[in-house]
Amino acid sequence: MCGRYAASRDPDDLVEEFEVELVPGQLPPPSWNVAPTDEVSAVLVRRPRDGGGPAQRLLRPVRWGLVPSWARDAKGGARLINARAETVAQKPAFRAAFAARRCLLPADGYFEWYATETGGRQPYYISRPDGAPLAMAGLYELWRDPAGGPEAPLVWSATVITTTATDELGHIHDRSPVLLERADWARWLDPGAGADPGLTGLLVPPGPGVLRAWPVDAAVGNVRNNRPELVEPLVHDAATLF
DNA sequence: CCAGACGTTGTT
DNA sequence: GTCTGG
DNA sequence: CCAGACGTTGTT
DNA sequence: GTCTGG
């Protein structure tokens with residue numbers, strides 16, 4: 001689950017909503033069809049590069065698809081777009097990031113493809129009825145191309161943590177992203193919380209009523225399509241609306 | 001010891 | 001069928 | 001996640 | 001980097 005999402009909010013709105021500072025440089029442009037390997041905005045907490053000073057909550061671009069620090073090249077990361085909540089603390093590809101580099105990935109909503117009885121696939125858009133952005137639980141990693149030498153630039157990348165889907169969403173798909181409520185953000189993002197055994201307790205399915213879903217134009221399947229209409233309801237038959 | 005993997009998803 | 005690119 | 005490619009040779 | 005398989 002969660003192989004495509006929408007993230008169209010202005011950086012200014014995200015700064016306010018997530019109480020972050022912007023890192024210098026460009027954030028990705030608004031997108032209604034974020035695909036693996038795209039640059040996305042991430043919320044994370046870092047200490048300033050040169051020692052002293054308090055940790056800061058930042059908004060910065062990362063590549064979607066986590067590249068482990070030991071990877072020989074960045075290509076394999078294209079498939080590490082999700083990490084299972086059930087095993088994320090143990091898996092070699094994720095556990096270092098889970099212990100020390102947790103983040104939030106802001107989204108307007110995300111897409112799921114529902115497997116129909118006739119073998120077709122109908123995309124659904126899933127978002128909050130209250131209009132608030134989703135704060136998807138994620139991990140980030142820093143990678144330097146070993147072929148580029150010690151001066152090669154760092155590549156920042158991230159993955160979305162998934163869990164089981166419940167209730168109405170389970171009809172569409174059996175996995176969903178882990179969403180964190182505002183009250184849990186600071187605890188999740190605190191780099192020093194890595195040893196907190198209660199952290200995994202945050203990785204639970206969205207509660208009933210938190211999300212709603214509706215069918216959308218199949219055009220979202222092609223990553224070259226990108227427009228606000230991709231998230232709008234496709235209402236040919238109200239009975240197909242979950 | 002070295003070599004090689006290290007992940008998720010959906011579908012059967 | 002399976003891998004790569006987006 | 002889906003869409004689209006999936007190959008070699010020789011020549012410019 | 002670290003674990004597993006041989």
Side-chain angles (χ1 to χ4, degrees), chain A residues 1-7 28-40 61-101 105 107-127 134 136-147 150 154-155 157-165 169-178 194 203 205 211 213-227 230-231 234:
Chain A
M1 131 65 251
C2 206
R4 216 69 77 79
Y5 66 95
S31 176
W32 296 268
N33 196 356
V34 175
T37 71
D38 284 353
E39 291 284 311
V40 298
V62 299
R63 176 190 193 266
W64 186 21
L66 185 140
V67 183
S69 62
W70 38 258
R72 277 186 283 269
D73 59 62
K75 288 197 298 256
R79 285 187 300 286
L80 304 185
I81 60 171
N82 294 144
R84 294 176 64 88
E86 297 90 331
T87 54
V88 68
Q90 287 86 40
K91 292 289 184 184
F94 299 127
R95 62 187 170 202
F98 180 77
R101 287 176 294 281
L105 297 165
D108 309 329
Y110 63 94
F111 299 96
E112 291 287 13
W113 275 261
Y114 171 67
T116 64
E117 293 176 1
T118 56
R121 294 181 74 72
Q122 170 64 53
Y124 279 73
Y125 180 66
I126 298 159
S127 59
L134 310 185
M136 300 191 291
L139 308 175
Y140 71 95
E141 194 52 273
L142 299 170
W143 176 81
R144 204 191 302 272
D145 186 347
L154 288 172
V155 174
S157 62
T159 191
V160 174
I161 300 179
T162 66
T163 184
T164 54
L169 293 181
H171 296 140
I172 300 172
H173 200 81
D174 65 348
R175 305 290 295 174
S176 77
V178 172
L203 306 182
L211 295 172
W214 57 66
V216 293
D217 191 337
V220 72
N222 192 321
V223 298
R224 290 170 304 189
N225 296 326
N226 201 329
R227 41 193 159 82
L230 293 178
V231 306
L234 184 76

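Residue numbers begin at 1 in each chain, while the letters A, B, ... track the order of the sequences. This structure is a prediction, so every number in the text was calculated from the model and none was measured.
Within 4.0 Å (heavy atoms only), Pro68(A) reaches no atom of the nucleic acid at all. Counting non-hydrogen atoms under 4.0 angstrom, Tyr5(A) reaches nothing in the nucleic acid. Thr37(A) comes within 4.0 angstrom of a base, heavy atoms only. Nucleic acid contact for Arg72(A): none, since no nucleic acid atom lies under 4.0 Å from a heavy atom of the residue.
Comparing the same atom, P, in dT8(D) and in dG5(C) gives a spacing of 15 Å after rounding to whole Å. Rounded to the nearest Å, the gap between the P atom of dT9(B) and that of dA5(D) is 27 Å. Comparing dG7(B) with dC1(D), their C1' atoms sit 15 Å apart, to the nearest whole Å. dC3(C) and dC6(B) have their P atoms separated by 14 Å, given to the nearest Å. Using atom C1' as the reference point in both dT12(D) and dC2(B), the two lie 47 Å apart (nearest Å).
Qualifying salt bridge (Lys or Arg N to Asp or Glu O under 4.0 Å) partners for Arg63(A), counting only residues two or more places apart in sequence or in other chains: none. Every residue two or more places apart in sequence or in another chain that forms a side chain to side chain donor-acceptor pair (under 3.5 Å) with Asn222(A) is listed here: Arg224(A). Taking the side-chain contact (heavy atoms from CB on, under 4.5 Å) definition, one finds that Val223(A) meets it with Arg4(A), Ala35(A), sequence neighbours left out. By the side chain to side chain donor-acceptor pair (under 3.5 Å) test, Ser127(A) pairs with no residue at all, sequence neighbours left out. Trp32(A) meets the ring-ring contact (aromatic ring centres under 6.0 Å, His included) test with no other residue; sequence neighbours excluded. A search for side-chain contact (heavy atoms from CB on, under 4.5 Å) contacts involving Thr116(A) returns Tyr114(A), Thr118(A), Gln122(A), not counting sequence neighbours. Judged as a salt bridge (Lys or Arg N to Asp or Glu O under 4.0 Å), and not counting sequence neighbours, the contacts of Asp108(A) are Arg9(A).
For the pair Asn226(A) CG and dC1(D) C1', the computed distance is 14 Å after rounding to whole Å. Remark: C1' of dC6(B) and CG of Asp73(A) are 13 Å apart, rounded to the nearest angstrom. Distance, Trp64(A) CH2 to dG5(C) P: 18 Å, rounded to whole Å. Between Ile161(A) atom CD1 and dT9(B) atom C1' there is a gap of 17 Å when expressed in whole angstrom units. Spacing between atom CG of Leu139(A) and atom P of dT8(B) amounts to 11 Å, rounded to whole angstrom units. Rounded to whole Å, the distance from CD1 on Ile81(A) to P on dG5(C) is 16 Å. The nearest whole Å value for the distance from the CD1 atom in Ile126(A) to the P atom in dC1(D) is 13 Å. When rounded to the nearest whole Å, the span between OH of Tyr114(A) and P of dT11(B) equals 11 Å.
Counting only heavy atoms from C-beta on, Pro36(A) has its side chain closest to dC1(D) among dC1(D), dT4(C), dC3(E). Here the nucleotide nearest the side chain of Arg95(A), chosen from dG6(C), dT2(E), dG7(B), is dT2(E). Of the candidates dT8(B), dG6(C), dT9(B), dT9(B) carries the atom nearest the Arg175(A) side chain, counting heavy atoms from C-beta on. When the nucleotides dG7(B), dT2(E), dT9(B) are ranked by their closest atom to the side chain of Thr162(A), dT9(B) comes out on top.
Distance OG1/Thr159(A) to CD1/Ile81(A): 7.5 Å, rounded to 0.5 Å. Note that CG of Leu105(A) is 9.0 Å distant from CG of Leu139(A), once rounded to the nearest 0.5 Å.
Paired runs in DNA chain D that reach 3 or more consecutive Watson-Crick or G-U pairs, where each pair keeps both distances under 3.5 Å, cover C:1-6 with D:1-6.
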With a 3.5 Å cut-off and sequence neighbours excluded, list the donor-acceptor pairs that the side chains of residues 72-79 of chain A form with protein atoms.
from     : atom 1 : to       : atom 2 : distance (Å)
Asp73(A) : OD1    : Lys75(A) : N      : 2.9

Output side-chain donor-acceptor pairs under 3.5 Å for residues 86-98 of chain A, partner residues at least two apart or in another chain, one line each.
from     : atom 1 : to        : atom 2 : distance (Å)
Glu86(A) : OE1    : Arg175(A) : NH2    : 3.0
Glu86(A) : OE2    : Arg175(A) : NH1    : 2.8
Glu86(A) : OE2    : Arg175(A) : NH2    : 3.4
Arg95(A) : NH1    : Gln90(A)  : O      : 3.2

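In this structure, Trp70(A) forms an aromatic stack with the base of dC6(B), since both conditions hold: centre separation below 5.5 Å and plane angle below 30°.
Distances shorter than 4.0 Å separate none of the side-chain N or O atoms of Arg4(A) from OP1 or OP2 on dT9(B). Proximity of Arg121(A) to the phosphate of dC2(D): a side-chain N or O atom is located under 4.0 Å from OP1 or OP2.
Of all the residues in residues 84-93 of chain A, Arg84(A), Thr87(A), Lys91(A), Pro92(A), Ala93(A) reach under 4.0 Å from DNA chain B with at least one non-hydrogen atom. Of the residues in residues 217-225 of chain A, those with a non-hydrogen atom less than 4.0 angstrom from any atom of DNA chain D are Gly221(A), Asn222(A), Arg224(A).
Of all heavy-atom pairs spanning Ala85(A) and Val178(A), the tightest one is CB-CG2, 4.4 Å.
Using the six-membered ring where Trp is involved, Tyr125(A) and Phe111(A) have ring planes that are tilted, between 30° and 60° apart.
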